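Atoms within a ligand are numbered from 1 in the order they appear, just like the ligands themselves. Since this is a predicted model, take the numbers as computed values, not measurements.
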Amino acid sequence: MNYRIVNINAGSPTADANVLIIYTGGTIGMITDDSGSLISFNFKNIIEKIPVLKSLNTRITVISFPEPIDSSDVNLNHWVDIGYIIYENYNQYDGFVVLHGTDTMAYSASALSFILEGLSKPVIFTGAQLPIGATRSDARENLITALEIATTRLEGKPVVPEVCIYFNNHLLRGNRAKKAESIHFDAFESENYPPLAEAGVVIDYNLASIIERTDGQKLKFNHKLDSNVAILKLFPGMSRTVVESILNISGLKGVVMETYGSGNATTEKWFLECLEEAISKGIIVLNVSQCTGGRVLQGRYETSRMLPRLGVLSGSDLTTEAAITKMMVLLGTESDPGKVKERLVKPICGEMS
Ligand code: ASP
């Protein structure tokens, strides 16, 4: 990719931190086109609207996607590109801020948490609900605070050595977050894990909930992702044809099955037979709940008791975003399906309890 690189405060002798911003697009930098729709625009637009960036006590480098995107267009190549930029520049910067559209930010932050295995520096995703040019935009606060979080250290170490989403005064673990709101400013929630920080007059870090950085930990760049996966969302009245069509997709290796409540599903014979057949062909089925809070407990009800017997794995309190991206990374990284199954049900970077 032909990235655009911009340096801000490059020569500042007093700057005490170095941060790399990766600009992928999203509402934050958008402008309105002739037909009235919001379209992505270049990063210059952002710097002009936030002149204070130039006077921060931080050396900032910006790497921009050559063609900034609406995050609904994000794909596996973009995730690998973001991971590669961070991996290649890892030693030069104290932290990283990824400017990204909110629509798929929870997927991208989850994916990057698995792609950058053994991360020990902050990678903070942020964006905005209103473009930077709008008078009431939330972009300025989100970006300035994300930069501060990305460079904050305690006893010489980064306070937040993990992939996070900062939005509307809350810092959330990236692979625990979900987009929950498309109009109000509080776009993200994390029902199953507490915020890692809250920003008010000061930024109040919830140190007990932040991943502990292990000294000497080496960063691994898991750049192979397998897209032979699907999400099967159950609904009452779902037909056999729909279930069979999904489970018979050619080359399919893994399915995230979104069930009801604490992991319950219809007990109809045909449905269980479809699952059994898929699993016997080697397809991995991971059970996550349609609820935003709570967790899968297979066997709590009669309507989930048969699932572990068929070989359905429990995704505990994984979000769908974390489950599908974890599956893509593990299927791409591990050659042994047994190892994929073993790692799917255990936490890798705080994504599940
Ligand atoms: N459609 C936009 C995007 O995800 C929405 C946003 O940025 O908030 O890129």
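- Taking a cut-off of under 4.0 Å to the non-hydrogen atoms of G26, the atoms of ligand 1 that pass are 7 (O), 9 (O).
- Among all heavy-atom pairs drawn from R173 and S209, the shortest one is NH2-O, 2.9 Å.
- Counting protein heavy atoms only, atom 9 (O) of ligand 1 is closest to S71 N, 2.7 Å.
- Only backbone heavy atoms of A128 (N, CA, C or O) come within less than 4.0 Å of ligand 1; its side chain stays farther off.
- Closest to atom 5 (C) of ligand 1 among all protein heavy atoms lies T27 OG1, 3.2 Å.
- At the top of the distance list for atom 8 (O) of ligand 1, counting protein heavy atoms only, stands T102 OG1, 2.4 Å.
- Considering both main-chain and side-chain atoms, D70 comes within under 3.5 Å of ligand 1 through a nitrogen or oxygen pair.
- Aromatic ring pairs are classed by plane angle as parallel below 30°, tilted from 30° to 60° and perpendicular above 60°; the pair F188 and F167 is perpendicular.
- The aromatic ring centroids of Y23 and H100 lie 6.0 Å or more from each other.
- Ion pairing of K121 with D94 is absent here, as no side-chain N (NZ or NE/NH1/NH2) approaches a carboxylate O to less than 4.0 Å.
- K339 has no carboxylate O lying under 4.0 Å from a charged side-chain N of E334, or vice versa, which leaves the two without a salt bridge.
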